[in-house]
Structures are given as structure tokens and as C-alpha cells.
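One structure is given below, encoded as C-alpha cells.
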2 protein chains.
Amino acid sequence: MRDVAALAKVSTKTVSRVINGLPGAGQEVVDRVRAAARTLGYRPNLAASGLRRSDKRSATIGVLFEDLSNPFDSALLRAVEDRARQGGVLVLAGSSEDDRALQGELLGSLAARRVDGVVVMAAGGHQDALQQERERGTPMVLVDRPPTFGGTDCVTTTNRDSSREAVLQLAALGHRDIAFLGDRRTLWTSQERYTGYLEGLAQAGLTLREELVRTDLHGADLAETATTALLDLDKPPTALFTAQNLVTVGSMRVLRARGLQRSVALIGFDDFPLADMLEPGITVVRQDVPGIGRKAAELIFARIDGDTSPPVHAVVPASLVRRGSGEISPH
Amino acid sequence: MRDVAALAKVSTKTVSRVINGLPGAGQEVVDRVRAAARTLGYRPNLAASGLRRSDKRSATIGVLFEDLSNPFDSALLRAVEDRARQGGVLVLAGSSEDDRALQGELLGSLAARRVDGVVVMAAGGHQDALQQERERGTPMVLVDRPPTFGGTDCVTTTNRDSSREAVLQLAALGHRDIAFLGDRRTLWTSQERYTGYLEGLAQAGLTLREELVRTDLHGADLAETATTALLDLDKPPTALFTAQNLVTVGSMRVLRARGLQRSVALIGFDDFPLADMLEPGITVVRQDVPGIGRKAAELIFARIDGDTSPPVHAVVPASLVRRGSGEISPH
DNA sequence: TCCTCCTACGTCAACGTTGACGTAACCGGC
DNA sequence: GCCGGTTACGTCAACGTTGACGTAGGAGGA
């Protein structure tokens, strides 16, 4: 900046004015400064700028999801990024692996970089690190899972209602033995979906068969094992409700391996690519992922801009997409 | 920091020493400073630190891919992120939409934040903005597509060789009318894969039928249209080589709609989730995405650490995954 | 004609941190 | 008892930028 000022024969302050488009610089000077900046390849240093500026903005937000290579997470990231771009804001992205220690560490790294706000998919268990960061004043929005502490915005989907709806549809087809296969019980979404399952059974007048409930299935492999065990029961389920996309994939594999994909009904929570191309197509509860991302971005930027209205828990509706696997009758 | 110093009754310099774990601070003082920092909730400001430090590191790298919600891109991001984490480096991620103007803008934003280096999936066409940035000294690694300028590392896969291999396999099964369906011709990968296709035909002693070549298919919809047109030819192809994953999906849809998925052979470039669960499974050329990401990360961090050896063009081998659709004989 | 106001700059200090360098106290050796 | 060396601090300025404020010159009004 000093070099630019010297070349344009003005003070650094005037360069600053020109770069930021502030008034108080004549047209001739503006042109000289612009030319000098171009010839020297000058780039403003946002870090130094943010250090001095009054608003202390870094024009950067943090995004901390479970696994950025998961389609759900990356679609969410993309939606947040699109909204951020409109404000000239860049996104620092990280994967927490659903590990509290790692999440806390990454959160510290983001704080050290003075991000203007964070969008977090909270790791299961205690949210102490999140709460601390929030209490230090960092604008924060949780996605997919609500906070266990107060004063923080959050965006989730209709986990319970949509799960109930899925189970009711199965029951309406005549299924009386509907299994539940879920992800880790520490996850709020798993709990909600399980509650929806219970509500659905109750509402359909069915009694819960404990042995048809399998949880803590983290990943497709565990889901395969659990599905195999369920099908080997003396009185196996005639329908499966798989409460997470990797679980759905695991169950599907087993059904296909046994040639049961047209006789055992299946509804999964979370859509996945090509679910419509399988035979039969897989009926799923589809979350409005871009909608969730947009909403989260909207909330975080409002908070960054000083919105102090009471915290919001936004619920973005999911919908049941019927493709065949969930429309199979028993026997 | 001043507050911490005051509370611990030391100078800010000593606080700096304690925070950075530098020698020259007694045990008692270290404990006092740590306690003070904790009670005040002190967080070091990395921006200010980087401003003053001699190495000028921001401990942040930029990643500029085409679309972060694409599974290929997000898997790549994840691999880079994993490597970055080991060095305490965070990742600023952006989607360029394969738009040069947007890519240039994002590149400028990254530069303003003084990222230590960038990993870029170059947008098609001129790479002026990239070259400029590179010439300003920013460490840079291109992935998936090589630079059109010199002095820059790059990681790609065996586009040409693997495409040739795919075509040769189809020819070996007796196919003589093998169609090529490709993404935008401005993309280097498309060109390479097309060249591989031509080499494969030549090596198998087949003559090119121009009307079996369809390019500029950006997205599954265009691929569907093109596939439909191909199948409606008087002498339709008996095998398809689809040179990008969305193109593969589009072609698959049409084959299934016409009930041809077991009679027309199909090999796609790029694997995709559930390709193995379809009937028949889809034979694909699978890139080693984590391998590409790891290599790119390794290169960028080496350059950041001052490696000045000649630029490298690393080629990570892809492999043909046989699942059925590419093993269908003609008629 | 004189005073006021505005425009177009410049000067200085400060943002939070660390490199360079200074200094007081202590230690060991002759 | 003196000297050189080491340890444990502190002081000061600077990184690149901008807010607060100062000032010179010209325009405009009474």
C-alpha cells in the first residue's frame, strides 16, 4: 500500500479511500491510484483491514459439519456458500467426524480466525464447547440437531412427524411387524425418528416388538448385520423403517442379496442419489436440504447483522417420496 | 491480551511467549498467565499474529472446486481437509461453477485473506486469473485439469489411458458401434477422454462413426436427450462410453426407460454411489479420489514449506470396475 | 471584503501481536 | 571477587490498514 501511495504520489490514507470507494478523492487521484495499484499488483490485506476497522468483520464464516464428503453435508455446505457469496463472505469448512474433541478444536481454530459466525452440526453428547463459544458472543446457528442450551438459533426438519407418517403408511398397507433401524442413539435426529416410529405404531394400534428395534447402526456395515439378524428372526418383520441413509443402503443390500427387495417393504429417512433408479425404487422421506441450508444462512447473516430477536427453531418440512419399496404389502 | 497481561502481572510479550509455548518463561509465570487467559476467555487473534510474524502464514489454504455439492468435488475437499488438519491448517472452500469470472473473483477473495496456498479445479477456457495469481507467488496446485501455463503443480488421473482401456474392453466383446457421450469440450478431461476413445477405436481396428459422438452434455438432462437421439439412429450403437458421471446417469435413465439396460453395453467414467446396486451393476472407470486429494494436499503443503523443486504433474491411476453393464455383448 | 462551509487531501495513532534487543538477577569457575 | 554466560523477564517498534482529526484552498453568501 505504501508503494502504491508513493507511485501515485499520495498518502496511504488516500489509497485506502480509493480502494474502499470512499468519498474524498478527486477523479484524477482515483485514476492515478488505480493505475498504480494495478501496475504494482497491489492486493488489500483483509486481515490488517479487519484489525483496524471498527466493525471487526472478517467477512468469513465457519461451517462445521459431520463429514463434508457426505452428500447431505455437502449439499448443505453448498447452500450456505451460495448465500454467503452474495455478501462477499467466504466459508471456512471443517468436518467434525461427530467427535466432540475434534469439534471443539476446530471451533477454537475458527475463533482464532475471528469468523463472523458459525453454522454447526453439533456432535452428539455434551455441547459444552459450543455453548462456551456461543456465550462469548459468536453468532451461531445449529443445523440438523438442536442445541441443548438456550439462546441459539437452529434449523431442523420434521424428523418425528415424517417418521410417524412413514410408519402409518406401512401400517395402512397391512404391515403389523415393522422394524426400526437407527443410527447412534446419542444423535438427536435418531431419537426423534424413533419417537416418530413409536407414535406411528401407537396411532395405528400396533404394539411395539422390542426385538424389531435396532439402533446404534453407524454405517452401512452395521446396518447389514442388523438387517440380517432381523430377517433371521422366527417372526421376521414384513417392513423396515431405516432412519438414516447409510442404514437404508445397508438394509437394501441385504434385501437384494436375499431376493427380498420386492417382498419386504422399505422406507428410508433421507433421500440419496439414484434411489429412483433401483428396482423397486426406494421410498424415502426427503429432507429439503437446500431449504435447510438457505434458512441457516439467512439466520446466521441476520444475527451477524445485529438481529437480536428471540432465538428461532426453524423446522423445514420433509416429504415422503413414494417410489415403490414403501408401497409393498405384507405377504 | 493486555487484560491477560495485567491480570497475570506480566508484560504482553510474556503472555505471547506463554501462548506460543516459547522458552523464556518460568513455570510459575506460565501458570499465572494460563489461569488469567482462562478466566478472561482469551483467544489469540491469528490475523494480528500473522500480520506481525515473519513467516506471514495464515494457516489457511483455499480450495476452489467446480461444485462442492458434487460427490467428486466433496470427496476431494475432504481428502485435502484431512491432510490440512494435521498441520493445524483450515480450509476456505468455494465453488466456481466452472465460471471464469466467478473463479477470478473468489481467487481475489482468497488472496485478500492471504491464504498460504490454493488448490484449484480450473474453470474451462483461459486461465489468466490463475496464472496471474500464480505469478504473484501464491503456491498453487491444480487438480483434475492441468494448467495451460508453466511452473505449477497438478494432479490428474489417467483420463486417456483408462478411456482407451474401456473402449478396448467393449471392442473385445465384439462391439463395433461404440458411442461417445462427453461433457463440455472446453474441459481438458473431456478432451482427454475423447482422445482415449479415439485411440481405443484405432487400436481395435474400428472406424469412427462421427454421428456416434455427442459432446457438450452438461448435466444429466442433456445426456438423456443425446442418448435418445443415438438410440433412434438407423444403426444405433450397441455400446455407450459415457465420459462423466452425470452423463452416465442420464444415459442409464434412457436405457432403463426403453428396457435396454441388459442389451446395450455401458461403461461410464467416474464412479458414483450405488452403481453396484443397480441391475445390472454399472461398469465404470473409478478415479482414486482420496488419492488425488492426498497428493494435491501433499504438493501444496510442500510448496508452502518452501519446496522449490521443478513442478510436478502427478497422475493418479484410475481403474476399471467391472459390474456387468460393460460386459454385455452385442445382440 | 470577510466569514463560513465544503472538498480534497494529509498526519497520527491505534488495532493485537511478535521480532529485535535490552537488562537485571543468578550461576559457576578461577 | 570478578567475569562470562544463561535465564527470565521487559521495552519498543513494526506488520498493513483505517478512524479521528487537521488543514489548505476554493466556493458561496451577506
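What you see is a predicted model, and the numbers here were worked out from it, not measured in a lab. Proteins come first, then strands; the chains are lettered A, B, ... in the order of their sequence lines, and each starts at number 1.
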Quickly work out the [X] [atom1] to [N] [atom2] distance and round it to whole Å.
X	N	atom1	atom2	answer
B/Lys13	D/dG10	NZ	C1'	10 Å
B/Arg53	D/dA13	CZ	P	22 Å
A/Leu46	C/dG16	CG	C1'	16 Å
B/Asp3	C/dC15	CG	P	11 Å
A/Met1	D/dC15	CE	P	13 Å
A/Lys56	D/dG16	NZ	P	18 Å
B/Glu28	C/dA25	CD	P	17 Å
B/Ile19	C/dT17	CD1	P	9 Å

Legend entry - 5' priority, DNA chain C, between B/Leu22 and B/Ala47 [closest heavy atom]: B/Ala47
Legend entry - Which residue lies more 5' along DNA chain C, comparing A/Lys9 with A/Leu51 via nearest heavy atoms: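 So the residue in question is A/Lys9.
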For [X], answer base if it contacts any base atom (sugar-phosphate contacts may also be present), sugar-phosphate if it contacts only those atoms, and nothing otherwise; contact means non-hydrogen atoms under 4.0 Å.
X	value
A/Val15	nothing
A/Pro44	sugar-phosphate
A/Arg17	base
A/Val10	sugar-phosphate
B/Ser49	sugar-phosphate
B/Arg114	nothing

Legend entry - Distance in Å, B/Thr156 OG1 paired with B/Glu192 CD, rounded so as to fall on 0.5 Å steps: 8.0 Å
Using OP1 and OP2 only, check whether a side-chain N or O of [X] sits under 4.0 Å from [N].
X	N	answer
A/Arg52	C/dA14	no
B/Asn45	C/dC15	no
B/Arg2	C/dC15	yes

Legend entry - Beyond-backbone contact of B/Asp98 with B/Leu187, side-chain heavy atoms, under 4.5 angstrom: yes
Legend entry - Candidates A/Leu102, A/Val115, A/Leu130 - the one meeting side chain to side chain contact (heavy atoms under 4.5 Å, CB included) with A/Leu107: A/Leu130
Inset, instruction - Using the side chain to side chain contact (heavy atoms under 4.5 Å, CB included) rule, pick out the option among B/Thr138, B/Leu299, B/Asp116 that qualifies with B/Ile304. - result: B/Asp116
Inset, instruction - Would you mind checking if B/Arg294 and B/Glu81 are paired as a salt bridge, meaning a charged N to carboxylate O distance below 4.0 Å? - result: no
Legend entry - Position toward the 5' end of DNA chain D (nearest nucleotide), B/Gly26 or A/Ser16: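 Nearer the 5' end of the strand: B/Gly26.
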Legend entry - Minimum-distance nucleotide (side-chain atoms of B/Thr14 versus D/dC9, D/dT17, D/dA20):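 My answer, after comparing the listed nucleotides, is D/dC9.
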Legend entry - Derivation and outcome, side chain to side chain donor-acceptor pair (under 3.5 Å), residues A/Gln27 and A/Asp31: CA-CA 6 Å; A/Gln27 190 54 51; A/Asp31 293 343; 3.1 Å; yes
